[in-house]
Enquirer: 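Structure below; questions to follow.
Remember, it's 1-based here, ligands and their atoms both numbered in the order they're listed. Only heavy atoms go into these numbers, but all of them, side chains included; no hydrogens, no water, no symmetry mates. Just so we're clear, the structure is a prediction, and the values are computed from it rather than from any experiment.
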Amino acid sequence: MTAPSKPDITSEEDIKLLVDTFYDHVNQDDLLGPVFNDFAQVDWDHHLPTMYKFWSTVLFGSMAYKGQPFPKHMGLPVERKHFTRWIHLFTQTIDELFSGDMADQAKQKAASIANIFQMKMGLWATPLVKP
Ligand code: HEM
């Protein structure tokens, strides 16, 4: 018998499961855990609900998230390898729990936002475009 295929991301409960599972992995990660818990001393009771709203806005267009994510990342002690790990854990979490169009979109959007953050932080060389 083949294993039943995984569900897609379709509800706010799915977003909560995704975010909670992802940050469980982050917390156990040797590279990212210390950035969140030691350097930034993140208040998880505050951060997790913010991330539910963020992903609900990105994936469902709910507009529940009103903030600006990038400024919170300026000044963090991170390099390319931290972003590579972040994307690896995020992709792994999605693949563990979900599959489908929305799951694919979540992976693509996360990767593209991570790339934008890295460019803004000078961690990713942008090609010079001349007029
Ligand atoms: C190296 C990778 C990353 C690290 C170490 C990191 C770390 C952090 C930290 C420390 C905060 C502040 C939490 C707080 O004190 O409230 C934060 C907030 C946030 N991060 Fe990241 N982050 C990373 C990548 C990303 C990526 C790729 C995304 C989007 C796909 C993202 C989205 C957000 C959002 C939406 C917030 C909340 C901003 C707000 O409070 O309005 N982060 N992150």
Enquirer: Looking at atom 11 (C) of ligand 1, what's its closest protein heavy atom, distance included?
Expert: H47 CE1, 4.3 Å
Enquirer: May I ask you to check if K120 and F70 form a cation-pi contact, with NZ or CZ under 6.0 angstrom from the six-membered ring centre and within 45° of the axis?
Expert: yes
Enquirer: Against heavy atoms of H82, which atoms of ligand 1 measure under 4.0 Å?
Expert: 1 (C)
Enquirer: Please report the interatomic distance NE2(H82) to CG(D29), rounded to the nearest 0.5 Å.
Expert: 9.0 Å
Enquirer: Salt-bridge test for D104 and K109: reply yes if a basic N is under 4.0 Å from a carboxylate O, no otherwise.
Expert: no
Enquirer: Ring centres under 6.0 Å, that's the criterion: do Y23 and H47 meet it?
Expert: yes
Enquirer: Could you list which atoms of ligand 1 come closer than 4.0 Å to a heavy atom of V35?
Expert: 5 (C)
Enquirer: Could you tell me if the ring centre of F22 sits under 6.0 Å from that of W86?
Expert: yes
Enquirer: For atom 9 (C) of ligand 1, state which one of F83, F36, W86 supplies the nearest heavy atom.
Expert: F36
Enquirer: Do you see a donor-acceptor pair shorter than 3.5 Å between the side chains of T21 and E96?
Expert: no
Enquirer: Just to be sure I read this right, does ligand 1 sit under 4.0 Å from the backbone of F117, its side chain, both, or neither, counting only heavy atoms?
Expert: side chain
Enquirer: Within less than 4.0 angstrom of ligand 1, does Y65 place any heavy atom?
Expert: yes
Enquirer: Is it the side chain, the backbone, both or neither of H73 that has a heavy atom closer than 4.0 Å to ligand 1?
Expert: side chain
Enquirer: With a 6.0 Å cut-off (strictly less than), is the heavy-atom count around NZ of K53, excluding the residue itself, greater than 12?
Expert: no
Enquirer: Got the closest protein heavy atom to atom 12 (C) of ligand 1, with its distance?
Expert: K72 CD, 4.2 Å
Enquirer: Around atom 14 (C) of ligand 1, find the nearest protein heavy atom and jot down its residue, atom name and distance.
Expert: V42 CG2, 4.1 Å
Enquirer: Does D43 approach ligand 1 within less than 4.0 angstrom via side chain, backbone, both or neither, non-hydrogen atoms only?
Expert: neither
Enquirer: Is it true that K6 and D95 make a salt bridge, defined as a side-chain N closer than 4.0 Å to a carboxylate O?
Expert: no
Enquirer: For atom 10 (C) of ligand 1, what is the nearest protein heavy atom, given as residue, atom name and distance?
Expert: A40 CB, 3.5 Å
Enquirer: Taking the six-membered ring for Trp and the full ring for Phe, Tyr or His, determine whether the centres of W55 and Y65 are under 6.0 Å apart.
Expert: no
Enquirer: Any atom of ligand 1 sitting under 4.0 Å from a heavy atom of M51?
Expert: yes
Enquirer: Tell me: protein heavy atom nearest atom 29 (C) of ligand 1, and distance?
Expert: I113 CG2, 3.5 Å
